[in-house]
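Any value given below was found using the heavy atoms of this structure, including those in side chains, with hydrogens, waters and symmetry copies removed. Quick note on labels: first sequence line is chain A, next is B, and so on, each numbered from 1.
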Amino acid sequence: MRRLVHCLPSVLLVWNCFALDVAKLVPVRWPGGPLEVTRRAAAKADPGILKDFYRPASLELLRDTPINCLLVTWSAAGDPAVLRAQQEMAGAYAKLAQQKGLAVLGLVYAGADPVQAVEAAQAAHLDGLALEPDFADFERLSQAVEGKADFLLIPLQAGGSSPGIRVLSDAGAAVATPTSEPWIDSNLWLVRSLRAKGLAPVWLGFALENPSADNDARAIADSAAAGGRWVAAPDDGLLTGLSKQQPDALAKWRRITEALGFFEEHAEWRRFVATGPLGIVRDAATRYPDVADENLHLIARRRIPYRLIDRTAVDAKALEGLKALLVTEISNPSESERALWKNFAEEGGLLVTGPAWGTTVPKDKECMEQELGKGQVVVYREETPDPETLSKNLLHLLGRGNLGLRLFNAPSVLPYLSASEDGKQWLVQMINYASGPSESITVRVSGSYRTARLYGLSGAAADVPMEKSEQGMELAIGPIHTYAALLLER
Amino acid sequence: MCKHSKNSITRRQWLAASGTALGAMAAGPLNAFAPPASSVSIAKCAGYSEVTARLAGQFDQIGGIGSLVRGKTVAMKLNLTGDGRYPGYNQGQTYWVHESVVGALCHLFGQAGARRIRVLEGTYEGESVEDKMLDAGWNVKAIRNAAPLVEFEQTNTLGSGKRYSRLKVPKPYIFPAFDLNHSYEDTDVFVSVAKLKQHEECGLTLSIKNMFGITPDSIYGGDAGIDEPNEKCRRGREEILHAGKRQPSKSAPGEIDPSSNRYEGYRVPHIIVDLAAARPIDLAIIDGVETVTGGEGPWVQGSKYVRPGVMVVGRNPVSTDAVAAAVMGFNPRAKRGEGPFHVRKTHPDIPNDPLWADNAMLLAEAVGLGSADLNRIEVAGVPIKDAVFDFEAARKGKLS
């Protein structure tokens with residue numbers, strides 16, 4: 001029996017699942033039926049295709065795709081008669097889908113009656129429920145599922161956003177500076193943060209602002225690179241086009257499913273572990289979770305490869321290979337923690353800490369730098385240093401030459417660096433957040449490698465020549481359209 | 001160190017000679033001195049693919065560069081200011097000099113017999129010049145291979161030198177001397193490679209303004225050491241040079257009069273002239289093939305890409321800048337607050353800042369660095385009237 005335990009805002013949900021390997025589910029939002037039509041009408045949107053979508057023909061759209069899990073419209077607040085009709089239609093459709101080997105989860109919107117949703121889903125033999133990010137009635141939900149085996153509950157995570165670039169000069173009052181870079185909206189950090197908190201699987205539930213083949217592929221890659229999933233959501237226009245077999249729609253659908261398929265073909269990459277010169281110690285009990293998350297967000301934007309280390313897992317071995325350790329989340333270090341940090345700095349590391357370190361930082365200074373043994377300690381005056389300043393300082397203190405990975409000529413690209421457990425393979429995943437292709441990029445990695453292979457979401461992988469430089473190996477790769485991955489073998 | 005041909009003059013000799021001349025000038029009224037005027041070449045250049053040919057022709061038009069660079073060390077200070085991009089364009093197409101210009105210059109200097117070429121720029125946070133270029137998509141290898149010996153040095157700190165070089169200002173406005181990275185002293189020929197641009201605080205940024213970036217942040221940056229240079233500096237020059245809120249590290253000469261006007265529209269033009277006097281420019285190159293109007297970089301709101309399609313080259317930086325200003329549609333003799341020196345600021349944090357800047361060309365002319373008088377400057381190649389690209393009209397979208 002596989003037990004997945006997931007901590008949600010007010011309740012522990014226990015999922016018992018015998019039949020499904022949740023990690024292998026490739027979900028897609030698959031809306032339809034009278035309840036969806038009612039919801040769209042209330043939002044003054046044209047229900048269009050959705051009214052009759054739950055027919056066998058729509059399942060044909062999934063043929064030869066990696067999608068194996070449908071999120072069907074199941075429950076929302078509203079007219080009980082509509083709800084009954086919805087569940088009757090969706091339940092029948094689910095049966096057909098399951099006969100084709102697909103898992104089906106009922107999508108539960110905010111305001112839905114969770115008890116009714118669970119009972120109806122079980123009666124219809126759905127595989128479980130997926131909860132929209134704004135669903136909040138966890139208390140009644142947990143009571144409803146108590147003791148129920150073989151029933152999945154997967155919360156779609158809030159906090160994600162459409163990956164892309166915002167140009168500051170277009171943002172009205174926002175002013176760029178001589179060293180500014182484009183503002184990239186990415187969910188890489190969010191997926192990493194959620195995974196580090198023990199959440200599995202991580203399914204992001206945001207809606208894309210501007211669905212398109214590129215934007216959908218980018219959203220898929222942005223989450224999948226870090227081991228999560230954005231729940232693909234074909235819009236009404238696409239579903240309509242697909243139902244009419246329109247070439248544009250079919251091409252877009254192919255791009256989306258190709259992107260989903262790529263990450264299934266390389267599922268082993270999900271087991272790779274993040275690597276980098278910076279260790280960030282996380283405290284599940286931090287009083288400032290938002291600040292902690294913003295640190296991850298902005299450090300990722302600075303392209304500093306980092307490892308997340310849970311406070312309870314910090315020991316000398318966990319710190320091996322790190323050049324810097326960020327412990328500002330820890331406001332109450334124990335003696336053993338302090339000793340470990342101190343030793344890290346004395347041995348040549350850079351320790352970045354807060355007032356808990358005990359050094360008094362003058363009021364007119366943000367932080368103080370102190371030599372300690374062969375290393376350095378940077379003490380911030382405030383318990384929650386400004387994340388923008390902190391990330392900028394980290395980059396400076398570490399030095400660009402010590403990052404282990406640098407991308408050149410890639411202002412619209414964010415990388416995610418990970419390694420196989422045996423350390424023999426390094427994986428540099430790169431997501432281009434610009435609406436067009438990047439320019440040609442040079443990748444510099446520390447260390448020495450035997451081979452380098454470049455992967456894209458489509459097409460065959462290709463070997464990339466490497467050139468040795470003073471700082472490591474340099475690889476000139478062409479423009480990245482949406483996503484590329486470099487697999488380096490030692 | 002460098003070897004010199006019999007007829008050549010070393011940088012030290014040049015400095016000594018300049019100092020003598022300027023010292024003599026200082027004894028009499030400024031207007032009694034006729035500042036040097038030399039020919040300036042303008043070339044139309046439709047794209048960077050033809051820039052090598054255009055520059056070669058322009059060098060011929062100003063008397064050739066063979067005698068200037070043969071057997072010498074040539075240092076080029078590039079304008080690679082700031083970071084970021086205008087959407088859809090790279091840095092070289094907009095607010096940095098273009099890599100093709102740098103490659104062409106290395107090639108032409110090498111071809112003319114330069115023994116060594118040093119590519120210089122101050123970069124933030126210890127970034128190497130090569131990495132800064134690489135990050136803008138430049139082909140650094142091609143530049144390195146464009147001449148027999150091309151070196152790069154970032155000059156915001158001590159760099160590869162063992163000490164800072166103190167270069168004196170013969171007739172100073174604000175600083176009597178500057179402590180600079182050794183590369184600005186250890187060269188025979190100094191080239192300012194600038195972009196044809198407006199500037200938010202100074203009105204224009206051409207070959208003289210490009211000198212602002214030769215000052216090391218370790219001494220002139222906001223986190224410069226109080227007593228000694230801070231080799232781990234990470235802040236720019238706003239606090240010390242722009243606003244004069246504090247003095248540079250005590251190891252370097254301070255201002256002549258720390259109670260003088262602190263307004264950056266006054267200070268920066270005077271300081272860049274001091275710098276151009278301390279480190280004389282032997283050759284001024286201004287890249288106006290593609291550039292921006294309305295400001296010096298993407299951080300200036302309202303600035304935008306334009307394509308004037310022009311290169312301006314001259315031996316005298318004041319004259320070269322004057323011709324370049326005229327090509328931009330401005331009067332190079334405009335006074336403080338007039339023409340391009342009525343500046344347009346977009347800093348929301350300084351709402352009541354004055355909107356004027358001093359004309360650095362006139363300040364330079366006044367201390368004998370060169371003539372900004374178009375009547376005295378021989379223009380070779382394309383006449384100014386045929387090369388004019390009206391920057392203000394382009395900024396306002398009024399250019400057809």
Region of A:S440 that comes under 4.5 Å of a non-hydrogen atom in chain B = neither

CG-OG1 distance between B:L134 and A:T442, expressed to the nearest 0.5 angstrom = 4.5 Å

Would you mind checking which part of B:E127 comes under 4.5 Å of any heavy atom in chain A, side chain (CB onward), backbone (N, CA, C, O), both or neither?
-> side chain

Report the distance from atom CD of A:E470 to atom OG of B:S128, rounding to the nearest 0.5 Å.
-> 9.0 Å

With a 4.5 Å limit on heavy-atom distance, are the side chains of A:E439 and B:R85 in contact?
-> yes

Side chain from CB out, backbone as N, CA, C, O: work out which of these in A:I441 comes under 4.5 Å of a heavy atom of chain B, or both, or neither.
-> neither

Checking heavy atoms, do the side chain of A:A434, its backbone, both or neither come under 4.5 Å from chain B?
-> neither

Side chain to side chain, B:D131 and A:R400, heavy atoms closer than 4.5 Å = no

For B:D135 and A:N409, work out which heavy atoms get closest and say how close.
-> OD1-N, 2.8 Å

Please determine if A:E369 and B:R234 form a salt bridge, counting it only when a charged side-chain N lies under 4.0 Å from a carboxylate O.
-> yes

Got a sec: does the NZ of B:K304 have more than 12 other heavy atoms crowding it under 6.0 Å?
-> yes

Value for NZ (B:K141) from CD (A:E467), rounded to nearest 0.5 Å, stands at 3.5 Å

Hey, what do you get for CZ (A:F408) to CD (B:E130), rounding to the nearest 0.5 Å?
-> 10.0 Å

